[in-house]
Colleague: 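This structure is in structure tokens; I'll ask about it shortly.
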Amino acid sequence: MIKFKLTNAKFLDNVEEFKIIKTELKQNSFINSKITTKKIIIEKDLKYPDLIKEIKDVEVIIKLSVGLLVLYASLSCDYRTPLGANMFIYKYKVFKNKSYEQTKGFTKSISFNDLEPSSIEELRTLFESLINSKDFVFNISQFSDFMDIFKYYKELYNEINNNDNFVIENVSKKEYFISSTCKELFNNNNELQTIYKDFEPVYDNNEILIGYTIPSSKENINKSIQKDILTLKKIRVKKKTNIYKKITRQKENLFLSNYSEVNSNNINGLVQVELIYIKEDRDSLVLSVSYDKEIDFKYLLLYDKGQQIKIESIENSLKLIEEGNSGTAINLLEYLIGDAKMPNETIYNKINNIELYTKGLNISQTKAFLKGIDSNPITLIKGPPGTGKTHVINSIIQYITKELKERVIISSQTHIAIDNVLDKLVENKDPVIPRRITNKYNRYDLNNIDETLFDTWASKFEEYINDYQNEEIKNNILNDYKKFKGEKKISFTEKLPDDYYVIGATTTTTAISGRKGYQVLENFKWLIIDEVSKCPITEVLRYLPYVEKIILVGDDYQLSPILEFSKDDVKDLKSYDEEKFDLLEKTYIESIFSKTIKKAEESDRLVLLNENYRSTEQILSTYNVFYDNQLKCNRKDKDDKLVAFKEDQEIISNDKDVYFIEPLNGTESSSSNSTSRFNIYENEAIKVMLNYLINNVKNPQEIKISTIFPYKDQLRNFIRDNSKLINKLKIKFRSYEIDTIDAFQGKESDIVLVSTVVTDINKLNFLKDFRRINVALSRAKDKLFLFGNINLKKLVMSAPNSGKNNYLNNIIEYIESKGIKISITPNGEINYDKRDSKFKII
């Protein structure tokens, strides 16, 4: 028992809950408390250095008749006369709904009595017991602070989310539309087939070809493309300032309604529409949306209903954690955002059929598999680009579902990452059939899974049947299969299972919320989050009340989370508070993977996948510098490249995979009132090289090509000035994508062109964060073209562990020695000196 003297706590005399406690504290009367902290911070006594003088920033938790009172304080000892223990209280908080019994902490009887001070031995014992107790370090205040941050986030978003509505002026009749991405529309000369000559081309405001309107009923169209035809209506609304850009950025948040604002009473009356394209027409905007119902509405709303539902879902999970309704969640929380050490115990005695699940995995992948299934609560798998994360996840899920008979949630921020995992699961000869939780069209939702399963298994059928021992029967089956003209359908959905062992849901999904969320996720013991580096902490915490074991798969050397709105977006709102916003932004953009990785490494709960299957050796070497050259190339340099150049050209080469291209006289500029930048001559150089590729790639219909920009202004200028070129690329190649670096994380292309824009290295710029250039370079599989000023060699970039490095100097010098250097003049002339197969900048 310890007697504390209160210091600077007079403000508590006005706190009703504390008045009650004080009346109960008669002389020599003690109350039970629990003492916790975020992090142990101690100060030793100067005169008695073996004694602890102060433990800073603790929380003293006191039980109330309803809920509990938390005193935020520092505990100190005065070892001189008059001897005593002091409690300096600087803040308090009352939790009406929190359970004292389920709250963790170091239990100690205390008294706020100024008389009869505790002895030195009592004080020494108390302080030593505190710092050595496993119950002392627990983030109750950190989590309550986090709840406050989240509430502020919700308040801001609610205010943002009811700002834009449009009165509908008129709605057109139905029309039929097909996207230009449908390759069956074009002949071998990349021209529209004769049978589709009546199709009318549709262009966006930048004159980029989007698709075609179909003048006749879709029933008269070739059946092979009918599934790609959409029914559209044009909705005309009055234009508002800057709204075109906002709608295109938030095109997934368009709803029809009879109300100008959304509230809890009318939110279910919203009807979502899918924006296909948008045009500006004098004072109006004309939005072509996929919508075929004959219902009239008064308003078009830009409202993020999904975000609203997601916020409610996260809030429900956070409340369950805060109220102590899940002991497992509290433990996981301590490992993820607290200071508790991650356990690393050998729980299993024997792994059954190990070779069945590790077949085809390399050494690091096998290590990750074994670590993932060993039943410890937390595992981190660091998967740099192209290192086979999906293969490892597939093996782990197969083992959990087939050997342990336990259920798994697979999640990620992107649908692509989840679908890649689900593809692997159903491609197995003994497939695991997943359930996809989504409100949007997806090939694994209940309406489409039969066709997906048919297509998947049919594509693998010949591979599977080759294992059949009886050649005669095998050949008969193959012949029948090739003659098959029946309906593409498997009747899986006619006999749906009562439950699933795997569900896939994005971390932002709106289909899991409230009580319904608990019912969906009940009995799912495992959570695997892929590409977790991009996930804010809220999207991970939403699952904690439901699961017991978490596997985080990501790469802290790639981009971190981004807050959906900037300070400029919210600074004029009623609820804006600069201090709160800065804290929100800091909390939100810190990747939970980056935050947790050091702890995982200390506890041997981290595995690095170190074999790259995506990039050729030359391309891998450009971004391997970020990984201290730990990654090994598991691709051949020549034999397995999809990209092939014509033999009779000089500038690009089949045996050279990396190119540095300097646009001569290029300088960076910025628009007024904009932090973004552009470089006109660099865009011209990119245009020159894209035309060169069009004329010199042998097999364009097989090739995916991408152009990646660090700045939106550079992207916008390129699109504005090169619409015809972009249209030609989209038709000629298998695909052509063009976007910012942030949009490309998680993707890959056969040929990648990377813009850098920067010429003045002394200015603050995006490239100083090594993660951005790492993401850009690592998208490339066969050919990489890096555009930039030679001054980039001098650019000092951030490095892991808060260091600095001239990474681009290493990268450009490597290209000088192994690849090709080219310069392009302002008039588009390509200069090079082909001596010793090495090009020289002029």
Side-chain angles (χ1 to χ4, degrees), residues 557 559 618-619 621-626 651 656 658-671 674-690 707-718 740-742 752-780 784-800 803-833 838-842:
Y557 290 1
L559 297 177
Q618 291 178 21
I619 295 174
S621 294
T622 64
Y623 60 88
N624 206 2
V625 295
F626 302 116
I651 296 175
K656 303 290 184 181
V658 287
Y659 302 76
F660 179 69
I661 302 171
E662 183 178 23
L664 298 182
N665 300 334
T667 57
E668 62 178 283
S669 305
S670 60
S671 306
S674 174
T675 58
S676 191
R677 300 179 194 178
F678 59 91
N679 184 326
I680 294 172
Y681 287 147
E682 186 171 285
N683 270 349
E684 285 299 311
I686 293 171
K687 175 184 175 181
V688 169
M689 288 310 303
L690 284 170
T707 307
I708 304 177
F709 296 91
Y711 290 101
K712 288 183 179 178
D713 278 359
Q714 181 81 337
L715 170 65
R716 279 192 285 264
N717 287 343
F718 186 86
T740 59
I741 292 174
D742 298 74
V752 171
L753 295 85
V754 177
S755 168
T756 58
V757 177
V758 173
T759 58
D760 186 349
I761 63 169
N762 295 313
K763 289 182 180 178
L764 184 66
N765 62 74
F766 283 164
L767 298 185
K768 289 190 176 181
D769 182 348
F770 80 97
R771 294 174 297 182
R772 305 189 74 80
I773 197 71
N774 180 32
V775 168
L777 300 179
S778 59
R779 302 307 96 197
L784 172 65
F785 295 83
L786 176 62
F787 294 77
N789 189 284
I790 202 66
N791 284 337
L792 291 176
K793 282 188 170 187
K794 303 174 186 176
L795 181 68
V796 178
M797 304 171 71
S798 66
K804 300 289 181 182
N805 199 303
N806 290 90
Y807 284 124
L808 281 168
N809 177 63
N810 299 336
I811 290 167
I812 295 170
E813 285 192 350
Y814 174 80
I815 296 175
E816 289 173 3
S817 67
K818 297 290 186 181
I820 294 176
K821 293 172 61 180
I822 301 170
S823 67
I824 298 180
T825 66
N827 64 3
E829 181 184 355
I830 301 175
N831 292 329
Y832 61 94
D833 180 7
K838 184 175 176 182
F839 291 82
K840 180 181 178 182
I841 291 180
I842 303 300

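Since the structure is predicted, the reported quantities are computational estimates derived from the model, not experimental observations.
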Colleague: Going by heavy atoms in the side chains, are I686 and F785 under 4.5 Å from each other?
Modeller: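 Not touching, per the 4.5 Å side-chain cut-off.
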
Colleague: Look up atom CD in E684 and atom CG in N717, then write down how far apart they are to the nearest 0.5 Å.
Modeller: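 Nearest 0.5 Å value for the CD-CG distance: 11.0 Å.
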
Colleague: Do Y711 and F678 have ring centroids that are under 6.0 Å from one another?
Modeller: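 No - the distance between ring centres of F678 and Y711 does not fall below the 6.0 Å cut-off.
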
Colleague: For a quick test of reading the model, state the closest non-hydrogen atom pair linking I708 to T740 and the distance between them.
Modeller: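 The answer is CG2-C, 4.2 Å.
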
Colleague: I want to check something: taking the side chain as every heavy atom from C-beta on, are P663 and I824 in contact at a cut-off of under 4.5 Å?
Modeller: no

Colleague: Please report the closest heavy-atom contact between M797 and Y807, naming both atoms and the distance.
Modeller: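 Closest heavy-atom pair between M797 and Y807: SD-CB, 3.7 Å.
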
Colleague: Would you give the length of the straight line joining atom OG of S778 to atom CD1 of I773, rounded to the nearest 0.5 angstrom?
Modeller: 9.5 Å

Colleague: For S676 and D713, indicate whether the former's side chain and the latter's backbone hold a donor-acceptor pair under 3.5 Å.
Modeller: yes

Colleague: Under 3.5 Å, is there a donor-acceptor pair between the side chain of N774 and the main chain of Y557?
Modeller: yes

Colleague: May I ask you to decide if the ring planes of F709 and F718 are parallel, tilted or perpendicular, using 30° and 60° as cut-offs?
Modeller: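 Tilted, since the angle between the ring planes falls between 30° and 60°.
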
Colleague: Can you confirm whether V688 sits close enough to I661 that some side-chain heavy atom of one is under 4.5 Å from a side-chain heavy atom of the other?
Modeller: no

Colleague: Sequence neighbours left out, what pairs pass salt bridge (Lys or Arg N to Asp or Glu O under 4.0 Å) with at least one residue falling in residues 784-797?
Modeller: K793-E816

Colleague: Look only at the side chain of E668 and the backbone of D760, and say whether a donor-acceptor pair between them is shorter than 3.5 Å.
Modeller: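 Pair found, side chain donor or acceptor close to backbone of D760.
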
Colleague: Return the minimal non-hydrogen interatomic distance between L792 and G788, and the atom names on each side.
Modeller: CD1-CA, 3.8 Å

Colleague: Drop me the distance from N827's CG to L664's CG, to the nearest 0.5 angstrom.
Modeller: 10.0 Å

Colleague: Say whether, by atom type as modelled, one donor and one acceptor occur between the side chain of K768 and the main chain of S798 under 3.5 angstrom.
Modeller: no

Colleague: So which of I815, L753, I619 actually passes side-chain contact (heavy atoms from CB on, under 4.5 Å) with L784?
Modeller: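 Considering I815, L753, I619, a side-chain contact (heavy atoms from CB on, under 4.5 Å) with L784 is found only for I619.
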
Colleague: My understanding is that only residues two or more places apart in sequence, or in another chain, count here; which of them pass side chain to side chain contact (heavy atoms under 4.5 Å, CB included) with N806?
Modeller: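 Partners of N806 by the side chain to side chain contact (heavy atoms under 4.5 Å, CB included) criterion, ordered by chain and then number, come out as V796, N809.
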
Colleague: Does the side chain of F787 come within less than 4.5 Å of M689's, by heavy atoms?
Modeller: yes

Colleague: Would you say the side chain of Q618 lies within less than 4.5 Å of the side chain of Y814, judging by non-hydrogen atoms?
Modeller: yes

Colleague: Can you list the steps and then say if T756 with L786 is a side chain to side chain contact (heavy atoms under 4.5 Å, CB included)?
Modeller: CA-CA 8 Å; T756 58; L786 176 62; 3.8 Å; yes

Colleague: Would the distance check show the side chain of E682 and the main-chain N or O of G666 forming a donor-acceptor pair, the cut-off being under 3.5 Å?
Modeller: no

Colleague: Hey, could you give me the CG/CG distance between L715 and N683, rounded to the nearest 0.5 Å?
Modeller: 9.0 Å

Colleague: Which heavy atom in P826 sits nearest to a heavy atom in N665, and how many Å separate them?
Modeller: CG-ND2, 3.5 Å

Colleague: Rounded to the nearest 0.5 Å, how far does CG of N789 lie from OH of Y681?
Modeller: 14.0 Å

Colleague: Tell me the closest heavy-atom pair linking S755 and P710, and the distance in Å.
Modeller: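 Taking every non-hydrogen atom into account, O-CD, 3.1 Å.
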
Colleague: Which pair of non-hydrogen atoms, one from A799 and one from N805, has the smallest distance, and what is that distance?
Modeller: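 Closest heavy-atom pair between A799 and N805: CB-CB, 4.2 Å.
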
Colleague: Mark yes when over 12 heavy atoms from residues, nucleotides or ligands other than I761 sit less than 6.0 Å from its CD1; otherwise mark no.
Modeller: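 Yes - once you tally the heavy atoms of other residues, nucleotides and ligands closer than 6.0 Å, there are more than 12.
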
Colleague: For the residue pair Q714 / N679, report whether a side-chain donor-acceptor contact shorter than 3.5 Å exists.
Modeller: no

Colleague: Nearest 0.5 Å please: distance from the CD1 atom of I812 over to the OG1 atom of T622.
Modeller: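 So the CD1 of I812 and the OG1 of T622 are separated by 11.0 Å.
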
